[in-house]
Amino acid sequence: VSYAGLVDDCASMRLGDQCKFAILDLEPTQQFIGKKVALLKRDMLEELSKDERRDYLRDNPIPVIKGPDGKYHMVDHHHLSYGARLAGRDNVYIKLLHDWSKMSSMNVFWEKMKAKKLVFLFDANGKPIPVSALPGSVMRMEDNPFRSLAYFVREKGGYRKTKIPFAEMYWALFFQANMKIDPAPWGFEKAIEEAYDLARSDIAVGLPGKIKGGMKYCRRFLEGSKEQ
């Protein structure tokens, strides 16, 4: 497989180009992830051969925006990056969406990021945070089990996957505000059922991807994904 726009030097990337980049040098645009989802990504990558893993990561590059600080700010695939690191990968492939490195300051950069809804400024408790509270490294993102819950509810058919940035993060905060997850061993699976009902209810009207239909329930993690 050949990949047009794959360059050796990230500094020479043009819009749409890809290059190999260190996971730990990526700049997250959200404070938390769902650890269960990251573990699924890890397990999936570990099951692939070396060539399959390389091709998968090339086919699913991390979309980034270059800021005036010279850093690459990722706007999606936070879980894939975290999972790839857990799987022993040092690098992933990034894809340049925007080059905003010529902006006059980081303040201007972040104002545009906020205006375009390309940064999610809430913590794992649903409280607003300043840009300075973003973790600065993929592996420093906190675990919020409600983000994992949002993933499994979507897979069950509770809502539709959309192109709206951070859609599942909004669902995570919605579930967090309206229910609890029992810490018992069976608590998470029970929470999926409760959250599914919430997602299908009128109280969820207005959230991205709200639907009436269903998709296949993903039980892979619940049926024995390896724990970190």
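- Contact record, I181 with P145: CD1-CB, 4.0 Å, taken as the closest heavy-atom pair.
- Using a 4.5 Å heavy-atom cutoff, the side chains of Y159 and V153 are in contact.
- In this structure a side-chain-to-backbone donor-acceptor pair under 3.5 Å is missing from N125 to K127.
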Please lay out, stage by stage, how Y56 and M44 fare under the test side-chain contact (heavy atoms from CB on, under 4.5 Å). CA-CA 10 Å; Y56 179 86; M44 176 272 294; 3.4 Å; yes
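- Side-chain N or O atoms of H79 include none that pairs as donor or acceptor with a backbone N or O of K41 at under 3.5 Å.
- A salt bridge links K156 with E193: at least one charged nitrogen is closer than 4.0 Å to a carboxylate oxygen.
- Residue E142 holds its CD atom at 15.0 Å from CZ of R147, rounded to the nearest 0.5 Å.
- Rounding to the nearest 0.5 Å places CG of L149 at 5.0 Å from CE of M179.
- Using a 4.5 Å cut-off between side-chain heavy atoms of Ile, Leu, Val, Met, Phe, Trp and Tyr, with links allowed through other members, I203 and F146 fall into the same hydrophobic cluster.
- Classification of the F175-W171 ring pair by plane angle, with boundaries at 30° and 60°, yields tilted.
- The aromatic rings of F21 and Y72 sit perpendicular to each other, their planes meeting at more than 60°, with 30° as the lower class boundary.
- Nearest heavy-atom pair, A172 versus A150, reported as atom, atom and distance to 0.1 Å: N-CB, 3.9 Å.
- Taking CG of L207 as the start and CZ of R160 as the end, the distance is 13.0 Å to the nearest 0.5 Å.
- The salt bridge (Lys or Arg N to Asp or Glu O under 4.0 Å) test applied to K190 returns no partner, not counting sequence neighbours.
- The line from NZ of K35 to CG of D143 is 6.5 Å long, rounded to the nearest 0.5 Å.
- Looking only at side-chain heavy atoms (C-beta outward), Y82 and M139 come within less than 4.5 Å of each other.
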Would you check, one step at a time, whether the test side-chain contact (heavy atoms from CB on, under 4.5 Å) holds for H78 with T29? CA-CA 9 Å; H78 290 76; T29 51; 3.5 Å; yes
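- Linking ILVMFWY residues whenever their side-chain heavy atoms come closer than 4.5 Å, directly or via other members, leaves M141 and V131 in distinct clusters.
- Minimum interatomic distance between L26 and S81 (heavy atoms only, all atoms of both residues): CD1-OG, 3.9 Å.
- Closest heavy-atom contact between V108 and S104: CG2-OG, 3.4 Å.
- Connection of L97 to W110 is established within a shared hydrophobic cluster, with ILVMFWY side chains joined at heavy-atom distances below 4.5 Å, either directly or through further cluster members.
- Counting only heavy atoms from C-beta outward, the side chains of K114 and L121 approach each other to under 4.5 Å.
- V138 and V119 fall into different hydrophobic clusters, where Ile, Leu, Val, Met, Phe, Trp and Tyr side chains are chained together by heavy-atom contacts under 4.5 Å.
- Taking the charged nitrogens against the carboxylate oxygens, D197 and R200 have no contact shorter than 4.0 Å, which rules out a salt bridge.
- The structure places CD of E155 at 10.5 Å from CD1 of I192, a figure rounded to the nearest 0.5 Å.
- Inter-residue side-chain proximity for I23 and I62 is flagged as unmet; no heavy-atom pair is nearer than 4.5 Å.
- The aromatic rings of F109 and H73 lie tilted to each other, with the angle between the two planes from 30° to 60°.
- I164 and F120 sit in two unconnected hydrophobic clusters of ILVMFWY residues. Membership requires side-chain heavy atoms under 4.5 Å apart, directly or through other members.
- Counting all heavy atoms, side chain and backbone alike, G209 lies closest to T162 at CA-CG2, 3.4 Å.
- Using a 4.5 Å cut-off on side-chain heavy atoms (C-beta onward), V64 and V75 make no contact.
- Relative to the six-membered ring of F188, K36 meets both conditions, a distance below 6.0 Å and an angle of at most 45° to the axis.
- Looking at D99 and S101, their side chains do bring a donor and an acceptor atom within 3.5 Å of each other.
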Given R85 and D90, is the salt bridge (charged side-chain N to carboxylate O under 4.0 Å, His left out) satisfied, shown in steps? CA-CA 6 Å; R85 184 61 181 162; D90 293 324; 2.5 Å; yes
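- Using the six-membered ring where Trp is involved, F122 and Y170 have ring planes that are perpendicular, over 60° apart on the 30 and 60° scheme.
- Within the 4.5 Å cutoff, the side chain of K66 has no heavy atoms near those of the K71 side chain.
- The distance from the CD atom of E47 to the CZ atom of R53 is 11.0 Å, given to the nearest 0.5 Å.
- With contacts defined as side-chain heavy-atom distances shorter than 4.5 Å, the pair N144/I33 does not qualify.
- Nearest heavy atom pair, residue Q31 against residue L134, reads N-CD2, 4.2 Å.
- Between Q18 and I94 there is no side-chain heavy-atom pair separated by less than 4.5 Å.
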